Number of protein chains: 2
Amino acid sequence: MSGTDSSRAPDWSPDGPVFVLVRPQLGENIGAAARAMWNFGLAGLRLVDPRDGWPNGRAAATASGATVVLDAARVFPDTAAAVADLTFVYASTARPREVTKPVFTPEAAVADMRARITAGERVGLLFGPERTGLETDDVVLAGAIVTVPTNPAFASINLAQSAVLMAYEWRRQGDATPPVRLEGEATTPAPVEEVGRLIEHLETELDAAHYFWPEHKADALRLTLRNILRRAPLTEQDVRTLRGVVRALAEGPKRHRRRRDGATPPTGDAQP
Amino acid sequence: MSGTDSSRAPDWSPDGPVFVLVRPQLGENIGAAARAMWNFGLAGLRLVDPRDGWPNGRAAATASGATVVLDAARVFPDTAAAVADLTFVYASTARPREVTKPVFTPEAAVADMRARITAGERVGLLFGPERTGLETDDVVLAGAIVTVPTNPAFASINLAQSAVLMAYEWRRQGDATPPVRLEGEATTPAPVEEVGRLIEHLETELDAAHYFWPEHKADALRLTLRNILRRAPLTEQDVRTLRGVVRALAEGPKRHRRRRDGATPPTGDAQP
């Protein structure tokens, strides 16, 4: 999907959760996490002892323009240092081992984060290294665990993908976009009476074409047509277009002939 | 995150939405989409004219074990053929161009999908090529558009990441995981009266140590301690551990000496 417009002001959450990538291995995953963060309006990225050092060219390539996040990323030697200034830390892991903590779904975790942030807290979310996930020593620093409900037969989520869905969930809960809206070139919905005129026009022409036959099925046929047209979410432009379609079909080949011959009167022509 | 257990039965949605990747360029993105789909219990993958042919080794490497999805993927020459048997199609795009259609958030789209599937429909979701997104000719085949609300200054979402968040959203709306649960080795919450005994024990020892001083602050100090311990979500094991801590601190160095010397009686010792 595209649609980026760098001339538009960013719509982001300066107080949003910090994403802490603990000992990340692949620059691509750091870059993908940064990209997803900025897509969803988060910019606080911290890295604990990244395997390939920092900065990382592959991270920059994968971030695909989310340089504002990468440039501001802070690097720490260990997890405790990375979260030292935060008041609440969540650990993203599927395996709570040797720790007894509340385990949140992503949805509940974000709701908790938003409540804490509103109350003035500074929160962070730990993500573990690709191969091994978070160590117990990292998880112990957290006040809660976030576990993504998955297919138990295939539960292992890629680091970047975890970051994507947490960032998405963050934005989802703060987003005011209407769930459904009509969009496009000409989106004014047609008033009921205009759709009525279209139906009337169609039925008149179909009557003339002896479409409503046999007689005892006519009412059912009319009802079916009316249901189709009333059910379709038609715009004003759609109704105009469909009336032109009815006209063209009703006039048939003579219309084309008229046009070709330069004749103008649309009605009262002799039959061809 | 890890936690895959291939011995566990997959928990998936056989009737879930089909993901249709239209002219995907990078095998990595096909593989990442397949992995995310299987993470969240979706398995219907269709590919329209993949740039590098099919099968694709990079897709297999990135799918990281979601071979059940890749092996069952179907390849079509064009988008119309790929969606021919479906009853409703959504197009994932940020740019509805030259089309007038309802635009859903991912959340509303999944709710709509679930309602249609419950009613027996077969639904699919189109994702466009990495660089260009869906063409108008593809979008026209869809009954609705899905647009992910993003930071307007950085709206371009990676193909694989779009697939991740749609698959996540699919699962989220059908998932029955409790929002918050306590997990770990010993998770039986302590009854109120056991926490009460811990508080009593602590206060007795602190009294003996002349902690509650000056007198006029004693009540406030007691209240603070009680609040701390009542607020903490303690398990039965936690309470046993904390009582041991109070005992150890109260007994002080003599405890260690007793142990070292092989002495056993815990009380009635002479002061050191």
Side-chain angles (χ1 to χ4, degrees), chain A residues 1-6 8-12 32 35-36 38-41 64-66 92-96 98-105 107-108 128 133 145 148-158 161-162 164-165 168 171-172 175 177 179-187 233 235, chain B residues 1-6 8-12 32 35-36 38-41 64-66 92-96 98-105 107-108 128 133 145 148-158 161-162 164-165 168 171-172 175 177 179-187 233 235:
Chain A
M1 281 197 273
S2 193
T4 292
D5 181 352
S6 54
R8 294 186 63 185
D11 173 8
W12 69 300
R35 179 175 177 171
W38 195 226
N39 278 148
F40 296 114
S64 200
S92 178
T93 174
R95 298 179 296 194
E98 307 168 59
V99 291
T100 303
K101 293 186 192 293
V103 178
F104 288 80
T105 60
E107 190 172 355
I145 284 168
V148 184
T150 48
N151 177 353
F154 192 67
S156 171
I157 304 182
N158 166 267
Q161 302 197 344
S162 297
V164 169
L165 68 87
Y168 162 75
R171 182 124 192 149
R172 188 182 70 79
D175 190 72
T177 307
V180 191
R181 61 197 188 280
L182 195 61
E183 243 180 49
E185 309 243 310
T187 60
T235 65
Chain B
M1 280 195 275
S2 194
T4 292
D5 181 352
S6 54
R8 294 187 62 185
D11 174 8
W12 68 300
R35 177 173 178 174
W38 196 226
N39 279 146
F40 296 113
S64 200
S92 178
T93 174
R95 297 180 294 193
E98 306 169 59
V99 291
T100 303
K101 294 187 192 292
V103 178
F104 288 80
T105 60
E107 189 171 359
I145 285 169
V148 184
T150 49
N151 178 352
F154 192 65
S156 172
I157 304 182
N158 168 266
Q161 303 197 344
S162 295
V164 169
L165 70 88
Y168 162 75
R171 184 131 190 142
R172 188 182 70 79
D175 191 73
T177 307
V180 191
R181 61 198 189 280
L182 195 61
E183 242 177 53
E185 311 242 310
T187 59
T235 66

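Quick caveat: nothing in here was measured; it's all calculated off a predicted structure.
- Note: A:Gln161 CD to B:Asn39 CG = 6.5 Å, rounded to the nearest 0.5 Å.
- Pairing each heavy atom of B:Pro102 with each of A:Leu182, the nearest pair is N-CD1, 3.3 Å.
- Ranked by heavy-atom pairs under 4.5 Å with chain B, the list A:Pro10, A:Ala108, A:Pro179 is led by A:Pro179.
- Most heavy-atom pairs under 4.5 Å with chain A: of the set B:Gly41, B:Pro233, B:Ala66, this distinction falls to B:Ala66.
- Shortest non-hydrogen contact noted between A:Pro152 and B:Ala9 is CG-O, 3.7 Å.
- Contacts with chain A were tallied for B:Asp11, B:Asp175, B:Thr235; B:Asp11 has the most, counting heavy-atom pairs under 4.5 Å.
- Contact check for A:Asn151 versus B:Phe40: no side-chain heavy atoms found under the 4.5 Å cut-off.
- Using a 4.5 Å cut-off between heavy atoms, B:Phe104 contacts chain A through both its backbone and its side chain.
- Residues A:Val148 and B:Arg171 fail the side-chain proximity criterion, which asks for heavy atoms closer than 4.5 Å.
- Interface remark: A:Thr177 contributes backbone and side-chain atoms alike to the contact with chain B (heavy atom separation under 4.5 Å).
- The CZ atom of A:Phe154 sits 5.5 Å away from atom OG of B:Ser64, with the distance rounded to the nearest 0.5 Å.
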